[in-house]
Amino acid sequence: MPPTALRAAIVGIALLGAAASANAEVVRFKADLIPVAGTNSTASGSLTADYDTDSKKLIWNGTYKGVGTYATSASFHGAGAGPRRAFVRILNVDSPFEGTAILSAPQGEGLVAGEWQIVVRTSGFPKGELRGQLVRN
């Protein structure tokens, strides 16, 4: 291949890579944490999260206050069934909390489609004391 054709091919490949990166975006989410129905809890909190559609990395941080007992676990939940079903455990549940996860492509699609929520469980409410729907910010 002549040197000029080789240079043109390299430039073309570089431009294709740049165009693919240009389609990536960081989608921002927020969630207001409110008491789960039936708990009579007065707890509250909030969460913010960023999802990089290229790397599939989700980064979050949140806070809560007023829970009746100590937090025992927290997690994100996606669609109830099907390929976009999701469950991501939050390892640090003490407020304030933060973390990261790499999502599968179907999980990322469900997150962006608005199917995800967060649940904070406490010893007094093992099925959840706080819940919040992740919405685009």
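All of these numbers come straight from a predicted model, not from anything done at the bench.
Taken to the nearest 0.5 Å, the CG atom of L33 stands 6.5 Å off from the OG atom of S46. With rounding to the nearest 0.5 angstrom, the CG atom of N137 is 8.0 Å from the OG1 atom of T48.
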* Could you walk me through whether S95 and K65 pass the side-chain contact (heavy atoms from CB on, under 4.5 Å) test, one step at a time? => CA-CA 8 Å; S95 183; K65 62 182 179 181; over 6 Å; no

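Taking each heavy atom of T63 and P96 in turn, the nearest pair found is CG2-CB, 3.7 Å. Smallest separation of non-hydrogen atoms from E129 and V67: OE2-CA, 3.4 Å. For the residue pair G66 and T42, the shortest heavy atom distance occurs at O-OG1, 4.2 Å. Between N92 and E98, the shortest heavy-atom distance links the atoms ND2-N, 4.1 Å. Between L58 and Y51, the closest heavy-atom pair is CD1-CB, 4.0 Å. Among all heavy-atom pairs drawn from D52 and S55, the shortest one is OD1-N, 3.0 Å.
The pair R28-D50 meets the salt-bridge criterion, with a side-chain N (NZ, NE, NH1 or NH2) lying under 4.0 Å from an Asp/Glu carboxylate O. Salt-bridge annotation for R84 and E115: present, with a side-chain N of the basic residue lying under 4.0 Å from a carboxylate O of the acidic one.
Side chains of S104 and K56 form no contact here, defined as non-hydrogen atoms less than 4.5 Å apart. Side-chain atoms of T100 and K57, non-hydrogen and from C-beta on, do get closer than 4.5 Å to each other. Here the side chains of L130 and I34 are not in contact, with every heavy-atom distance at 4.5 Å or above. With contacts defined as side-chain heavy-atom distances shorter than 4.5 Å, the pair L47/Y64 does not qualify.
With sequence neighbours left out, A86 forms a side chain to side chain contact (heavy atoms under 4.5 Å, CB included) with Q107, W116. With sequence neighbours excluded, the residues satisfying side chain to side chain contact (heavy atoms under 4.5 Å, CB included) with Q133 are Q117, V135.
In terms of hydrophobic clustering, with Ile, Leu, Val, Met, Phe, Trp and Tyr side chains grouped at heavy-atom distances under 4.5 Å, V93 and V36 are assigned to different clusters. One hydrophobic cluster, built from ILVMFWY side chains closer than 4.5 Å, holds both F29 and V120. If you chain together hydrophobic residues whose side chains sit under 4.5 Å apart, L111 and V27 fall into the same group.
T53 contributes no side-chain N or O that, together with a main-chain N or O of A24, makes up a donor-acceptor pair within less than 3.5 Å. Remark: side-chain polar atoms of R89 are not paired, donor with acceptor, to backbone N or O of S75 under 3.5 angstrom.
The distance between the ring centers of W60 and F76 falls below 6.0 angstrom.
Sparse packing is recorded around OH of Y70, with 12 or fewer heavy atoms of other residues, nucleotides or ligands lying under 6.0 Å away.
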